[in-house]
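Just below is one structure, and these are the notes that go with it.
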Amino acid sequence: MPKPIVALPADIRQLDGAIWHASPNQYVQAALKVADVMTFIIPAFEEGNETDAILDRVDGVLVSGSATNVHPSLYGKQATDGDGPFDPARDATSLPLIRRAIDRGIPLLAICRGIQELNVALGGTLASEIQDQPGIWDHRKPDVKERDDMYAIRQPVFVAEGSCIANYLGLAGEVQVNSLHRQAIAETAPRLKVEATAEDGTVEAVSVIDAKNFAVGVQWHPEYWAETDAPSRALFHAFGEAVRAYAARKAITNVAA
Ligand SMILES: N[C@@H](CCC(=O)NCCCC(=O)O)C(=O)O
């Protein structure tokens with residue numbers, strides 16, 4: 001059976017004076033090497049996305065992190081300078097993909113910006129510059145040069161017993177993760193269940209209530225150490241299994257969900 005395919009919404013980047021639709025290699029590598037799936041990077045358009053046409057052709061959705069933030073207008077807030085930088089094309093591409101993947105029961109793994117998009121897509125809100133709030137740690141990307149140091153595993157999160165995330169990670173309780181974010185979930189969307197938190201109360205993982213398939217988001221970056229860190233590896237493996245099962249069902253019924 002050919003490797004199943006997951007959709008990965010791109011970021012808009014300016015490189016060498018041109019506009020690029022780009023995704024970091026760490027996501028594609030983790031998908032291939034650990035989840036054993038191929039990745040189709042989906043161009044980011046502010047208009048004209050054919051969401052269902054994309055989803056008809058894939059077996060899962062992987063939503064990556066990004067240095068950009070979801071535009072506050074998408075969760076009923078006025079944008080301030082501190083809320084940027086923005087990527088409206090990514091927002092317009094990713095949020096509908098997330099909603100329709102959940103509707104159609106297509107496996108979904110949302111990472112960092114991805115969990116924030118998942119929350120907004122389902123009606124929740126975000127908080128900016130969380131480190132400025134009393135009692136909240138500094139979850140931001142460490143100010144270092146080496147990416148391995150940026151993505152160093154350095155913070156405990158606490159995974160709820162009996163949660164989807166505990167099932168996928170293969171453990172509950174304290175898990176050590178990395179942390180590279182300035183925003184976080186403020187009001188959790190009605191259809192999301194908080195499944196892991198940091199010691200300061202920051203939401204670190206959610207699952208979609210009554211989801212038809214694998215549908216979780218994590219604030220940390222399991223993709224970065226997916227080949228070597230056991231919980232990261234387990235999460236990507238579980239995502240790959242869900243994607244393969246979806247693809248197999250689709251092949252038998254010859255109908256996308
Ligand atoms: N911009 C959001 C989401 C953070 C995120 O996805 N970080 C990973 C990429 C880090 C980088 O390349 O800067 C937030 O800050 O909360």
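Atom set for the values below is all heavy atoms of this structure, side chains included, hydrogens, waters and symmetry mates excluded. Each ligand, and each atom within it, is numbered from 1 in the order the structure gives.
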Under 4.0 Å from ligand 1 - residues by heavy atom, chain and number: Gly65, Ser66, Ala67, Thr68, Asn69, Cys112, Arg113, Gln116, Lys141, Tyr151, Leu180, His181, Arg182, Gln183, His221
Check: Ala184 main-chain N/O paired with Gln219 side-chain donor or acceptor under 3.5 Å: no
Donor-acceptor contact present, side-chain Asp59 to main-chain Arg244, <3.5 Å: no
Thr202-Asp200 side chain donor-acceptor pair, cut-off 3.5 Å: yes
Ser64 and Arg90: side chain donor to acceptor below 3.5 Å: yes
Side chain to side chain donor-acceptor pair (under 3.5 Å) partners of Asp210, counting only residues at least two apart: none
Asp91 and Arg113: CA distance, side-chain angles, deciding distance, salt bridge (charged side-chain N to carboxylate O under 4.0 Å, His left out) verdict: CA-CA 10 Å; Asp91 291 339; Arg113 191 192 207 264; 2.9 Å; yes
